[in-house]
Amino acid sequence: MLSITNLHAKVEDKDILKGLNLKVNPGEIHAIMGPNGSGKSTLGYVLSGRDGYEVTQGSVEFAGKNLLDLEIEERAHEGLFLAFQYPVEIPGVSNMEFLKASVDAKRKHLGLPELSAIEFMKLARESSKRVNLDAAFLKRGVNEGFSGGEKKRNEIMQMMLLEPKLCILDETDSGLDIDALQVVAKGVNEMRSPDRSFIVVTHYQRLLDFIVPDFVHVLSGGRIIKTGGKELALELEQKGYGWLEEAV
Amino acid sequence: MLIDAIRLVFVNGIFDASASSELPAEIVRFSQASADQQKIIKQHLGSVIEGDKHLFSGLNNAWVDEGVLIHLKAGQELTKPVYLVQVSQGAVAHAINHRLLVVLEKNSRAEIIEHFMSTEEKQSHFVNAVTEMVLQDNACLQHYNLHLEGEQQQHIGAVHVNLGRGSQFRAFTLALGSQLMRVDYQCHHRGEGAELNLQGIYLPRNQQLVDYHTNIQHWVPHCTSNEIFRGIISDQAKAVFNGRIHIHPQAQKTLAELSNKNLLTSNKAEINTKPELEIYADDVKCAHGATVSQLNANALYYLQSRGVLRADAQVMMSFGFINELLQAVEQEAVRQYLSPKLAKLFGRDPVLDEVES
Ligand SMILES: Nc1ncnc2c1ncn2[C@@H]1O[C@H](COP(=O)(O)OP(=O)(O)O)[C@@H](O)[C@H]1O
Ligand SMILES: [Mg+2]
């Protein structure tokens, strides 16, 4: 599914990722934890193709393709999805219009016809219900004036509508109350399948109680410095990251 | 426009009775005015600013032979909006004069839509339009001034407003570009507590020009004005926005805001924006700002990361830039009329909006 080899990346002349290796097989859930500023969000941005994030070394293979050769939207069409730590507000562009454009773009890539407005509306209403987001949010500007939790639920709704192969959740649990957290976890668990993988970036064990990972990685200083099973997250919660960083 | 309104249709400046509504007593063409109405016309026509002081209204004065008077007596309210349509028709160039005088006495209310349109892109008529509005104490007027004329058209227009004590003027204007499209707003706050709310959108494309000049004069204390203009300038088009707010020494406690945002979608497009605040009173709250921007890179990335092609994302965001103002338009018929038209201009599928609403 995803194979990252010796990835180095910089932003504005600052080296952030410094030789990152990660392999994700279909159906797996990988949790990435690590101190603030270690490069977790950067990894998501580099994988999604954000401008200004320059890869200086290494390679990324995704679904049999060289991911780094693809445009941002092509990566999405191939099935990569990043749920943003800070979803962007776009006043004036209605959420509904945005969601339909995303779904239609994906369908076009698959050689399917666009959905009619009515068909899409139905689909969107169902999805909003699944993440406990009032349908009124569909009419608002994209994320415009949404609370933190509403933005995150909107991200999960997009994930459901787009049915990606690889979902990267960047601190989707930060700032969520326990109910919203369960909505997110339920959404992810419902979407789990043998050919869909997840990378879940989080600081908190509590999310991993609901979304149980196959692997837990510690990202520090732009590299993965430790990998373990789900019990590693518990250990990190107790001990912090210091003992690992000292060991490196 | 589909609207239940008192309709006045002019074709190349000539009143078309068959396409127009039966006019109520409050609305009359100058040529049909009674002696009392003529008195009102004489008293107010050109009163907002003296005719010769304003280039365009002067031009119109010399030729003025026809116009429309809307006169509401104290406390009166029109049951329906007034919809004035000025249609440019035919290939032969015409000079069209349009003159509207609105006199709202104390506590009266009206809603007026002025709509300028062309039947074809190629028309090259010359339109000179002057609208004068006198709002006496506590009168309330909602005014729409819409310019959807052909690309070859030349239009110079002026809207002059006098605001009495506690009166409210809420206005929306929109202009597609043409060879020459100039619209001037002059608004005088002459009675305490008067409120002005003016929102505008301009969208010149190709080699078109749009030129908005607004001049708001606060003469007395405790008035407010809130002015927002947004423009998208594409291709090799050019726009000028000149917004002046003048606060005279007596006008203490004025609240005035002026915002002008522009989006250039090509590197050959041009905007000349000049907001001017002149403040001669010390106890006022004023803000003004003008911005010229490209599309927000973060938002573009976000849309692309969801699979929306960059070009489509740009169109969506450009439309979004003016859609905020469009959605704030109070008269639903105007909104319903403009939304799909503008969406088409931006290459969007308007169906979704229709189903949604
Ligand atoms: N646009 C940027 N310009 C400069 N430095 C940046 C930029 N974006 C991120 N960084 C830096 O890169 C490092 C990693 O950031 P980030 O990937 O957001 O960390 P994390 O998500 O693990 O908290 C931080 O030191 C941050 O300050
Ligand atoms: Mg982060």
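Lettering follows sequence order; numbering is per chain, from 1.
Remark: the backbone N or O of F319(B) is not paired with any side-chain donor or acceptor of N323(B) at under 3.5 angstrom. Although no hydrogens or angles enter the test, the distance criterion places a donor-acceptor pair under 3.5 Å between the side chain of S197(A) and the main chain of N25(A). Between the side chain of Q331(B) and the backbone N or O of A333(B), at least one donor-acceptor pair lies under 3.5 Å. With N66(A) contributing its side chain and L68(A) its backbone, the two residues share a donor-acceptor pair below 3.5 Å. Of the possible polar contacts, none joining the R75(A) side chain to the L80(A) backbone as a donor-acceptor pair under 3.5 Å is found.
Counting heavy-atom pairs closer than 4.5 Å to chain B, the top-ranked of the candidates G49(A), G52(A), A76(A) is A76(A). Among P164(A), G141(A), S102(A), A105(A), the residue with the largest count of heavy-atom pairs under 4.5 Å with chain B is S102(A). Per-residue counts of heavy-atom pairs under 4.5 Å with chain A were compared for G307(B), A299(B), A297(B), A313(B); the largest is that of G307(B). No other option in E78(A), Q158(A), K106(A) has as many heavy-atom pairs under 4.5 Å with chain B as Q158(A). The choice from V88(A), L82(A), N143(A) that makes the most heavy-atom pairs within less than 4.5 Å of chain B is V88(A).
Heavy atoms closer than 4.5 Å to chain B are found nowhere in D104(A), neither backbone nor side chain. Heavy-atom distances place both the backbone and the side chain of Y45(A) under 4.5 Å from chain B. Interface remark: D312(B) contributes no atoms to any contact with chain A (heavy atom separation under 4.5 Å). Residue A124(A): no heavy atom, backbone or side chain, is found under 4.5 Å from chain B. Interface remark: P87(A) contributes backbone and side-chain atoms alike to the contact with chain B (heavy atom separation under 4.5 Å). Only the side chain of L162(A) comes within contact range of chain B, with heavy atoms under 4.5 Å apart. Residue contact with chain B, scored on non-hydrogen atoms closer than 4.5 Å, involves the side chain of V142(A) exclusively. Using a 4.5 Å cut-off between heavy atoms, I90(A) contacts chain B through its side chain alone, with no backbone atom that close.
Taking the six-membered ring for Trp and the full ring otherwise, the centers of F169(B) and Y185(B) sit at least 6.0 Å from each other. Between Y302(B) and F98(A), the distance from one ring center to the other falls under 6.0 angstrom.
Within 6.0 Å of the CG atom in L110(A), the count of heavy atoms belonging to other residues, nucleotides or ligands exceeds 12. N206(B) CG: more than 12 foreign heavy atoms inside a 6.0 Å radius.
In this view, H155(B) and F116(B), H147(B) satisfy the ring pair (Phe, Tyr, Trp, His ring centres under 6.0 Å) rule, not counting sequence neighbours.
The side-chain heavy atoms of F120(A) and V103(A), taken from C-beta on, include a pair separated by under 4.5 Å.
Scanning residues 146-155 of chain A against chain B with a 4.5 Å heavy-atom cutoff picks out E155(A), ordered by number.
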Inset, instruction - Test E227(B) against H288(B) for side-chain hydrogen bond (donor to acceptor under 3.5 Å, both in side chains), laying out the working first. - result: CA-CA 9 Å; E227(B) 192 182 341; H288(B) 74 302; over 6 Å; no
